[in-house]
Amino acid sequence: QVQLMESGGGSVQAGGSLRLSCVASGYTHRPYSMAWFRQAPGKQREGVATILNDGHPNYADSVKGRFTISKDNAQNTLYLQMNSLKPEDTAMYYCAADFDTVIGSPQYDYWGQGTQVTVSS
C-alpha cells in the first residue's frame, strides 16, 4: 500500500525559507509524476510544483523563482525548497503521486496527510 508522509512545515517570517520533504513507501515502481499542492483556509487546493519521472519540473506562476521541487530516488523522497516566503504562501501543503499514468497529464491518486506552513509578515 502506497503511503506518502510529509514533514518540514512550520512557522517562519516573510522572507524566510523552509524545506518540505515527502517520503514515499509501499510502491513497486517509480511514480510517473509527483507533486506538491497546497490549500489555504477558505480557498481551493492549488498545484504548486510537479516533477515527472524524467526529472522535468513545472511550477505555478506564483512560486516560480522562489520554490524548487526535487527528488531523491534512492531515498524515495520528494522535496520542496521554499525561499523568499510570503504570507500568501501560508497553507497546508500536500504531497501527491501518480503511479498509474504512462503518458499525458498526471492523475494524482495518492496523497499525504499534509504539513502546515505559516508565514507571518
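Shown here are the salt bridge (charged side-chain N to carboxylate O under 4.0 Å, His left out) partners of Lys64, two or more places apart in sequence or in another chain: Asp61. Scanning for salt bridge (charged side-chain N to carboxylate O under 4.0 Å, His left out) contacts around Asp54 gives an empty result, with sequence neighbours left out. Shown here are the side chain to side chain contact (heavy atoms under 4.5 Å, CB included) partners of Asp72, two or more places apart in sequence or in another chain: Ala74, Gln75, Tyr79.
Side-chain atoms of Leu20 and Val117, non-hydrogen and from C-beta on, do get closer than 4.5 Å to each other. Side-chain contact between Ser17 and Asn83: present, with at least one pair of heavy atoms (C-beta onward) separated by less than 4.5 Å. At a threshold of 4.5 Å between non-hydrogen side-chain atoms, the residues Tyr59 and Arg66 do not count as touching. Put simply, the side chain of Tyr94 does not reach to within 4.5 Å of the side chain of Cys22, judged on heavy atoms. Contact of the Val63 side chain with the Met82 side chain is not registered, since no non-hydrogen atoms from C-beta on lie closer than 4.5 Å.
A distance of 11.0 Å separates OG1 of Thr118 from CG of Asp89, quoted to the nearest 0.5 Å. Rounding to the nearest 0.5 Å places CG of Asn76 at 8.5 Å from CZ of Arg30. Here Ser121 contributes atom OG and Glu88 contributes atom CD; the two are 10.0 Å apart, rounded to the nearest 0.5 Å. The distance from the SG atom of Cys95 to the CE atom of Met5 is 10.5 Å, given to the nearest 0.5 Å. One distance of note links CG of Leu78 with OG of Ser70; it measures 7.0 Å at 0.5 Å rounding.
A chain of hydrophobic side-chain contacts below 4.5 Å, direct or via other Ile, Leu, Val, Met, Phe, Trp or Tyr residues, connects Met34 to Val2.
The backbone N or O of Asn53 sits less than 3.5 Å from a side-chain atom of Lys71, completing a donor-acceptor pair. Using a distance-only test at 3.5 Å, with no hydrogens or angles considered, no donor-acceptor pair links the side chain of Thr115 to the main chain of Tyr93. Proximity of a side-chain donor or acceptor of Asp98 to a complementary backbone N or O of Gln107 within less than 3.5 Å is detected. A donor-acceptor pair under 3.5 Å is formed between the side chain of Glu6 and the backbone N or O of Gln113.
Counting all heavy atoms, side chain and backbone alike, Tyr108 lies closest to Ser33 at OH-OG, 2.7 Å. Of all heavy-atom pairs spanning Leu18 and Leu85, the tightest one is N-CD1, 3.8 Å. Scanning all heavy atoms of the two residues, the minimum distance from Thr50 to Ala35 falls at CG2-CB, 3.6 Å. Taking each heavy atom of Gly114 and Met92 in turn, the nearest pair found is C-SD, 3.7 Å. Nearest heavy-atom pair across Ala60 and Gly47 is CB-O, 3.4 Å. Nearest heavy-atom pair across Pro106 and Leu52 is CG-CD2, 4.4 Å.
The aromatic ring centres of Phe67 and Trp36 sit 6.0 Å or more apart. Here Tyr27 and Tyr110 keep their ring centres 6.0 angstrom or further from each other.
Residue-environment remark: CD (Gln116) exceeds the threshold of 12 foreign heavy atoms within 6.0 Å.
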